[in-house]
Visitor: 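Take a look at this one; I'll ask things after.
Values in this document were obtained by computation on a predicted structure and should not be read as measured data.
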Amino acid sequence: MSALVMISTAGSEESSLISSAIQVVAFAALFSQAQAFNFPFSPNAWGTPRTWNHGNPQQRLAQSQLVQELSGLSRTGPRLRVMTTALPFSTDAASASPFPTQDQAVLSKDGNAWQEYKTCLTDLLSEKRVLKKCPTEEAEQIQNFLLDPTWPLSKHEILNARCFQQETDECAIENQVYIQAAADNFQSQLQQRRASFHQTMNITSAQKDYLERCFCYLGDLCAKERKSAPLEVAWQKWRLTGYLPRENSISTYMYVLGLDKDGDASDSFWDAVMVHDLLFPPNEKTITLRIQMLISQNNPKAAEELIHSLSSLRAADTCDSLSKLRTFNPILSHYCETDNMASALRLLKQMRESPGVILDSETYAMLLSSLASRGYFTSNKHIEGQQSVGPKLFDELLSLMAQDVLELTEDAAKSLYLGVISGPDDRTQTTSSINGTESFLIPPCKALEDAPAIAGRVSINKTTSVCTQTGAKLRLLSLDDQQREHVHETLAEMAFVSQEEFKAKAQVKENPKRNKSQEPPSGEYCRQQILNFSQWISEHGEDEPFTAFVDGANVAFFGNGMVQYSQVKLMVDKLEQMGERPLVIMPRKYASRKFHLRLRGMVQVLDETSENAMNDLLESGKLFVVPSFCFDDYYWMIASVANQRGISRTSSSLQMDTNEERQRLSGLRPILITNDQMRDHRLALLDPRPFRRWTSCHIVNYHVEACDDHEKWNPERRVSLFPPSTFSREIQCNKIPAASDRNVWHFPVTGWDEPDRLCVSLCLKN
């Protein structure tokens with residue numbers, strides 16, 4: 001056994017001038033002697049050694065964190081720590097051997113793991129897809145190596161990944177010379193190990209390929225059969241060769257080695273995780289696993305530092321998704337469980353500022369439940385770093401939640417409810433209730449009293465929007481001016497893009513017999529046409545603004561495979577009877593006497609009555625014909641956000657009550673009459689929140705009574721309209737009329753009936 005001692009410069013300010021130079025020498029000495037550590041900077045698929053640190057300074061900075069974790073060394077300011085490392089065998093060049101001796105073989109003693117490995121591998125060794133062109137004698141040599149129980153590394157030769165992350169620096173390493181020197185020495189030592197393996201085994205190129213295929217196919221087989229024991233042996237065998245897998249293979253090994261471990265994964269698993277992040281740029285999965293390992297060691301500070309050291313890589317193509325919700329959640333959960341709420345709230349702020357993190361209702365519920373069950377929302381208990389206390393802190397956190405989350409899952413609703421109704425003495429019981437009772441149902445909310453915490457399930461009156469228990473009136477939330485303008489610009493851009501895509505496809509399928517005058521126009525033409533329509537709507541609205549836009553094609557085809565202008569006429573009459581000023585938007589194709597129906601493979605010719613109805617709508621200004629090659633759906637969508645000068649955009653003037661004369665529909669104006677679900681373009685149109693607000697405020701679904709052909713023009717034929725909700729399906733806060741100084745929050749819950757909400761109201765205890 002030999003040891004390596006690192007010299008320390010400590011204490012004085014003068015030492016800071018020479019510490020960097022000493023570091024480079026000391027770390028170079030460490031890596032030049034540490035053959036037994038097998039630091040895994042390896043070649044990429046048997047080829048030229050790969051250098052990951054060739055990237056930008058931010059990548060090299062992140063790599064320094066990995067080097068630091070693996071070496072177990074730490075630097076704080078000008079101080080270089082003393083590190084004495086016992087090597088498992090001599091590092092003398094003449095006597096060093098990369099392979100363990102008989103007494104070092106340990107896996108042969110693990111009969112179950114070895115037997116499973118041997119059984120799985122034996123079936124693969126002679127398969128044609130694995131053997132390929134490897135000569136029989138050469139294949140036998142590899143098979144003997146793979147099936148020899150004395151070859152695996154002993155446990156002290158594979159570094160225990162749980163020991164990789166020692167005390168982590170609070171400041172990132174900035175010495176790029178050190179980073180480059182460390183990486184070079186990693187590769188140098190791995191090359192030496194590979195060379196020793198080649199010299200001992202006299203490996204040929206065909207044998208290398210055969211050996212790699214054996215390891216890869218074994219990983220695939222174990223993944224399919226969900227067997228981790230064989231790969232415990234295979235991973236150590238693979239490490240012994242000096243070669244390491246491609247990224248997809250190492251991901252397979254990580255997946256299998258981590259199966260069914262219940263948080264107690266093997267050293268091989270953690271080693272594979274750390275090896276991946278040395279060979280390849282870290283990804284979300286490996287970073288999350290390393291964070292979980294640190295949390296299991298009760299070291300959340302090091303876990304946060306790991307995220308911080310990699311945060312500068314978000315702009316890089318390979319590291320743009322490192323910070324995700326599941327990356328942070330183990331740390332946040334640890335802070336909640338250990339009552340470190342100051343750190344939990346600080347971390348929440350960091351999560352909300354991280355571009356890759358999309359907070360969900362379960363995460364917020366976990367945090368809010370932890371705070372509520374400890375009495376922070378019903379007392380003046382102060383949390384370090386927070387100015388607000390009690391109900392005000394509760395309202396501030398829920399305001400943030402309302403910005404990030406539309407509704408709660410049932411599990412999140414249960415967690416929040418139990419946290420609110422429990423006290424500090426009930427936290428254990430609350431946790432077991434939510435985790436152990438899947439059938440638990442949130443009870444109805446009790447009548448408003450002076451209790452500091454009120455929570456339960458309530459039903460909102462669909463007509464008045466009033467909560468039956470608290471008397472608070474829920475609001476219908478609409479698009480703000482910025483969101484409205486964004487929708488307008490997006491639709492114009494979509495008109496351009498969709499036409500360009502259509503034109504490109506048309507050119508690929510170009511028909512030489514086609515008339516050149518029928519060539520599709522440019523995307524810019526379509527964009528200008530829809531902008532002209534929006535401008536026309538705005539100018540028309542000065543005197544008599546339209547209050548209802550009808551998706552003409554959707555109504556005309558309703559319940560039929562053919563265009564029925566009788567249904568369009570019935571819809572217009574119905575809207576006018578209700579006091580609306582409708583405009584039907586129809587594609588040019590269906591505003592002709594005859595047209596081809598692609599789905600039915602036929603030409604439809606309008607009868608005289610239908611043609612007269614169409615012309616009457618045109619002459620009266622109630623029908624707008626969309627130009628050829630333009631997508632009609634974009635037109636009725638953009639009409640809802642066009643700036644009609646005769647209509648104020650304040651919710652008070654747009655919202656109609658159902659008890660008005662002529663029974664006008666509730667909701668904001670203009671309304672959009674359609675049953676179109678907009679599955680093709682909703683994601684490109686809006687983010688979930690603005691899309692929900694837009695649909696809940698403007699979209700009106702309908703039904704036209706089915707009938708025989710001779711009854712289709714009957715004015716008594718029933719047309720039903722289903723108005724939008726009188727209140728938004730979003731988390732919202734309102735005042736309680738009977739207690740004007742007290743707020744109440746209502747949460748929509750996935751799976752609950754539409755008018756039902758989780759109701760929560762808190763105040764200070766007397």
Visitor: Drop me the distance from E353's CD to L348's CG, to the nearest 0.5 angstrom.
Guide: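 Reported to 0.5 Å precision, the distance equals 9.5 Å.
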Visitor: How far does CD of E410 sit from OG1 of T750, to the nearest 0.5 angstrom?
Guide: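 Taking CD in E410 and OG1 in T750, the distance rounds to 8.0 Å.
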Visitor: Minimum heavy-atom separation for C134 and A206, please, with both atom names.
Guide: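 For C134 versus A206, the nearest heavy atoms are SG-O, 4.0 Å.
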Visitor: For E225, does the CD atom have more than 12 heavy-atom neighbours from other residues, nucleotides or ligands under 6.0 Å away?
Guide: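 Enclosed.
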Visitor: Just to verify, which of L124, L125, L131 counts as forming a side-chain contact (heavy atoms from CB on, under 4.5 Å) with E127?
Guide: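 Looking at L124, L125, L131, the match for E127 under the side-chain contact (heavy atoms from CB on, under 4.5 Å) is L124.
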Visitor: Regarding E362 and T409, do their side chains bring together a donor and an acceptor under 3.5 Å, going by distance alone?
Guide: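 Yes.
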Visitor: To the closest 0.5 Å, what do you measure between NZ (K324) and NZ (K285)?
Guide: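 That separation rounds to 14.0 Å.
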Visitor: Kindly indicate, with the supporting measurements, whether the criterion side-chain contact (heavy atoms from CB on, under 4.5 Å) is fulfilled by L325 and I358.
Guide: CA-CA 6 Å; L325 179 61; I358 301 176; over 6 Å; no
Visitor: Looking only at side-chain N and O atoms, does N298 offer a donor or acceptor that is under 3.5 Å from a partner on H334?
Guide: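 N298 and H334 do have a side-chain donor-acceptor pair below 3.5 Å.
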Visitor: Apply side-chain contact (heavy atoms from CB on, under 4.5 Å) to residues Q350 and V357 and explain how you reach the verdict.
Guide: CA-CA 10 Å; Q350 183 181 348; V357 176; over 6 Å; no
Visitor: So which atom in H276 and which in N283 form the shortest heavy-atom distance, rounded to 0.1 Å?
Guide: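 That would be CE1-ND2, 3.3 Å.
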Visitor: Any side-chain heavy atom of F145 within less than 4.5 Å of one from L211?
Guide: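 Yes, at least one pair of side-chain atoms sits under 4.5 Å.
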Visitor: Would you say the side chains of D360 and T363 form a donor-acceptor pair under 3.5 Å?
Guide: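 D360 vs T363: donor-acceptor pair found between side chains.
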Visitor: Ignoring hydrogens and geometry beyond distance, is a side-chain donor-acceptor pair present between Y210 and Q143 at under 3.5 Å?
Guide: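 Short answer, yes.
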Visitor: Taking side chain as C-beta onward, heavy atoms only, is R290 less than 4.5 Å from L306?
Guide: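 Yes; the side chains approach each other to less than 4.5 Å.
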Visitor: Measuring from atom CD of Q115 to atom SG of C120, what distance do you get when rounded to the nearest 0.5 angstrom?
Guide: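 If I round to the nearest 0.5 Å, the distance is 10.0 Å.
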Visitor: Hey, does F328 have a side-chain heavy atom less than 4.5 Å from the side chain of S354?
Guide: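 Result yes, sub-4.5 Å side-chain heavy-atom pair found.
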Visitor: Decide if the gap between the ring center of W235 and the ring center of F215 is smaller than 6.0 angstrom.
Guide: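 No, the ring centres sit 6.0 Å or more apart.
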Visitor: Please walk me through it: do L289 and F269 pass side-chain contact (heavy atoms from CB on, under 4.5 Å)?
Guide: CA-CA 10 Å; L289 289 170; F269 168 75; 3.7 Å; yes
Visitor: If we only count heavy atoms from C-beta on, is the T204 to Q141 side-chain gap below 4.5 Å?
Guide: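 Not in contact.
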Visitor: Would you kindly say whether D271 and S268 are connected by a side-chain donor-acceptor distance under 3.5 Å?
Guide: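 No, S268 and D271 have no side-chain donor paired with an acceptor closer than 3.5 Å.
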Visitor: Hey, is K132 close enough to D209 for a salt bridge, meaning N to O under 4.0 Å?
Guide: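 No, this pair does not count.
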Visitor: Is any side-chain heavy atom of K208 closer than 4.5 Å to one of M201?
Guide: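 When only atoms from C-beta onward are counted, K208 and M201 do not touch, as no gap falls below 4.5 Å.
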Visitor: Would the distance check show the side chain of S333 and the main-chain N or O of P330 forming a donor-acceptor pair, the cut-off being under 3.5 Å?
Guide: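 Such a contact is absent between S333 side chain and P330 backbone.
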Visitor: Of all the heavy-atom pairs spanning T252 and G219, show the shortest one and how long it is.
Guide: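 Here T252 and G219 meet closest at CG2-O, 3.5 Å.
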Visitor: For L121 and V233, what are the C-alpha separation, side-chain angles and deciding distance, and is it a side-chain contact (heavy atoms from CB on, under 4.5 Å)?
Guide: CA-CA 11 Å; L121 188 61; V233 181; over 6 Å; no
Visitor: Give a yes or no on whether the backbone of I295 and the side-chain of N299 come within a donor-acceptor separation of less than 3.5 Å.
Guide: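 A pair under 3.5 Å: no.
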Visitor: Report yes if the side chains of R226 and V256 come closer than 4.5 Å at any heavy-atom pair, otherwise no.
Guide: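 Result no, sub-4.5 Å side-chain heavy-atom pair not found.
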Visitor: Would you say the side-chain atoms of T200 pair up with the backbone N or O of F197, donor to acceptor, closer than 3.5 Å?
Guide: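 Checked: no pair found.
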Visitor: Work out which heavy atom in Y335 is nearest to a heavy atom in K301; give both atom names and the distance.
Guide: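 Shortest heavy-atom separation between Y335 and K301 comes out as OH-N, 4.4 Å.
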Visitor: Supply the atom-to-atom distance M366 CE to S361 OG, rounded to the nearest 0.5 angstrom.
Guide: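 One gets 11.5 Å once the value is rounded to the nearest 0.5 Å.
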Visitor: Do you know which two heavy atoms are closest between I250 and A272, and how far apart they sit?
Guide: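 Scanning both residues, the minimum pair turns out to be CD1-O, 3.6 Å.
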Visitor: Heavy atoms, side chains only, cut-off 4.5 Å: are T241 and I203 in contact?
Guide: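 Of all side-chain heavy-atom pairs linking I203 with T241, none is under 4.5 Å.
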Visitor: Write down the atom of V405, the atom of Y364, and the distance for their closest heavy-atom approach.
Guide: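 V405 and Y364 have their closest heavy atoms at CG2-CD1, 4.0 Å.
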Visitor: Would you check if V273 and L257 make a side-chain contact, meaning some heavy-atom pair closer than 4.5 Å?
Guide: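 The answer is no; the side chains never approach within 4.5 Å.
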Visitor: When rounded to the nearest 0.5 angstrom, what is the spacing between CZ in R213 and SG in C216?
Guide: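 With rounding to 0.5 Å, CZ (R213) is 9.5 Å from SG (C216).
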Visitor: Before accepting this row, confirm whether a basic side-chain N of the pair E304/R346 lies closer than 4.0 Å to the acidic partner's carboxylate O.
Guide: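 A salt bridge is present here (some side-chain N lies under 4.0 Å from a carboxylate O).
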